[in-house]
*Asks:* 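Supplied in structure tokens, the structure appears directly below.
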2 protein chains.
Amino acid sequence: MTTRTASRRRADERREYDAFMADCPARKLLDRISDKWVSLILTALAGGPMRYSDINRRIAGVSQKMLTQTLRTMERDGLLSRTVTASVPVRVDYRLTSLGESLLPLMAAVKAWAETHMPQVERAQAAYDEALAP
Amino acid sequence: MTTRTASRRRADERREYDAFMADCPARKLLDRISDKWVSLILTALAGGPMRYSDINRRIAGVSQKMLTQTLRTMERDGLLSRTVTASVPVRVDYRLTSLGESLLPLMAAVKAWAETHMPQVERAQAAYDEALAP
DNA sequence: CGGCATCCAGCGCGATACTG
DNA sequence: CAGTATCGCGCTGGATGCCG
């Protein structure tokens, strides 16, 4: 019955997620994607699939624990897919899913904002600290 | 000497910040703004200045410690300004600076992404967990 | 190569109590 | 009302060692 399906679909779309609510799932999702490693991994994968070791090299200073852990969470959330090529040695590739690609431009913009607005932020910090210790 | 100033300005602009570098200041800035409280405070202030207690009520589940702490950091980074009105009782208003307003649309988009893509993420999680425990 | 398991130091963060 | 101060626990996240 298409009426049923259509009304079900409308009901689903009407379900409202609001990150301002403490126990909303969207709040936890927002928390998970609001992470510098997520930003960096997403933007690193912008150019296409990459091997684990390539990502590790691209993102300086990330421990392999945090990298693996973040990759797992992102995979579980459907942001990227993991492909193991059985060879010796093993080869593992990560690539963005369409879901991940939909998030990419947003996170890339945030990362770019941080890089381009550093001078203004540093000036603001200097002014703030100066006001406190005159 | 305007030549000096212009060349200095060009030199500043040429300074490259890269969040992929471990010790780049932009990495730490990215870390600071990649925070759910920053997203929520920013979007809460989108409609105009708000009092501390209003922000506290708008963002459910935030402790006053985290709220105050995040507001301080954002103020120091120049994202918002704090205004104290000496009255009884005291009134404190927070409003976005132009720098904060430049970041707002990006964070609002990330928050909106989390809210609108929850169904897809939940499906991805279900599929991931199903594959692990068949 | 690309992990996983373990240990443990540090501090993030909440809870609570007190103030101008 | 809008904080500051203090305590204490949990969890994050780095370091290390082992494995298919």
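Please read all numbers here as calculations on a predicted model, not as lab measurements. What's counted below: heavy atoms across the whole structure, side chains too, no hydrogens, waters or symmetry copies. We name chains A, B, ... by the order of the sequence lines, and we start the count at 1 in each one.
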*Asks:* Check the distance between D:dA2's P and B:Leu67's CG and give it to me in whole angstrom.
*Replies:* 10 Å

*Asks:* Check whether B:Arg27 reaches the backbone of B:Asp18 with its side chain - one donor and one acceptor, N or O, closer than 3.5 Å.
*Replies:* no

*Asks:* Just compare D:dG3, C:dC4, C:dG2 and give me whichever is closest to any side-chain atom of B:Thr68.
*Replies:* D:dG3

*Asks:* Among pairs that include at least one residue of residues 66-96 of chain B, which meet ring pair (Phe, Tyr, Trp, His ring centres under 6.0 Å), considering only residues two or more places apart or in two chains?
*Replies:* none

*Asks:* Give me the residues of residues 50-60 of chain B where at least one heavy atom lies under 4.0 Å from an atom of DNA chain D, by number, or none.
*Replies:* B:Arg51, B:Tyr52, B:Ser53

*Asks:* I'd like to check A:Ile41 versus A:Val62 (side-chain heavy atoms, cut-off strictly below 4.5 Å). Are they in contact?
*Replies:* no

*Asks:* What is the distance from CD of A:Gln64 to C1' of D:dA15, rounded to the nearest Å?
*Replies:* 9 Å

*Asks:* Let's see if you get this right: which residues in residues 73-90 of chain B place a heavy atom under 4.0 Å from DNA chain D?
*Replies:* B:Arg82, B:Pro89, B:Val90

*Asks:* Report whether A:Tyr52 and A:Val90 are members of the same hydrophobic cluster (ILVMFWY, side-chain heavy atoms less than 4.5 Å apart, transitive linking).
*Replies:* yes

*Asks:* Restricting to pairs with a member in residues 61-70 of chain A, which pass salt bridge (charged side-chain N to carboxylate O under 4.0 Å, His left out), not counting sequence neighbours?
*Replies:* none

*Asks:* Kindly list each side-chain donor-acceptor pair under 3.5 angstrom involving residues 69-81 of chain A, sequence neighbours excluded, with atom names and distances?
*Replies:*
residue : atom : partner  : partner atom : Å
A:Thr70 : OG1  : A:Met66  : O            : 2.6
A:Thr73 : OG1  : A:Gln69  : O            : 3.1
A:Arg76 : NE   : B:Asp129 : OD1          : 2.9
A:Arg76 : NH2  : B:Asp129 : OD2          : 2.6
A:Asp77 : OD1  : A:Arg32  : NH1          : 2.7
A:Asp77 : OD1  : B:Gln125 : NE2          : 2.7
A:Asp77 : OD2  : A:Arg32  : NH1          : 2.8

*Asks:* Mind listing the N/O atom pairs, protein and nucleotides 12-14 of chain D, below 3.5 Å?
*Replies:*
residue : atom : partner : partner atom : Å
D:dG13  : N7   : A:Lys65 : NZ           : 2.8
D:dG14  : OP2  : A:Ser63 : OG           : 2.6
D:dG14  : O6   : A:Lys65 : NZ           : 2.6

*Asks:* Could you state the atom-to-atom distance from CG of A:Asp93 to P of C:dC1 in whole Å?
*Replies:* 14 Å

*Asks:* For residues 100-113 of chain A, tabulate all N or O donor-acceptor pairs below 3.5 Å that involve a side-chain atom, not counting sequence neighbours.
*Replies:*
residue  : atom : partner  : partner atom : Å
A:Ser102 : OG   : A:Leu99  : O            : 2.6
A:Ser102 : OG   : B:Trp113 : NE1          : 3.0
A:Lys111 : NZ   : A:Glu115 : OE2          : 3.0
A:Trp113 : NE1  : A:His117 : ND1          : 3.4
A:Trp113 : NE1  : B:Ser102 : OG           : 3.0

*Asks:* Rounded to the nearest angstrom, tell me the gap between atom CZ in A:Arg91 and atom P in D:dG20.
*Replies:* 23 Å

*Asks:* With rounding to the nearest 0.5 angstrom, report the CG to CG distance, B:Leu42 to B:Leu96.
*Replies:* 5.5 Å

*Asks:* What pairs with B:Asp31 under salt bridge (Lys or Arg N to Asp or Glu O under 4.0 Å), at least two apart in sequence or on another chain?
*Replies:* A:Lys36

*Asks:* Can you name the residues that form a side chain to side chain contact (heavy atoms under 4.5 Å, CB included) with A:Ser53, not counting sequence neighbours?
*Replies:* A:Arg51, A:Arg57

*Asks:* Using five base pairs at each end, measure the axis-to-axis angle across the helix from C:dC1-D:dG20 to C:dG20-D:dC1 and round it to 10 degrees.
*Replies:* 60°

*Asks:* Tell me the salt bridge (charged side-chain N to carboxylate O under 4.0 Å, His left out) pairs involving residues 81-91 of chain B, sequence neighbours left out?
*Replies:* B:Arg91-B:Asp93

*Asks:* By ring-ring contact (aromatic ring centres under 6.0 Å, His included), which residues pair with B:Trp37, not counting sequence neighbours?
*Replies:* none

*Asks:* Roughly how far, to the nearest 0.5 Å, is the CE atom of A:Met50 from the CD1 atom of A:Ile59?
*Replies:* 7.5 Å

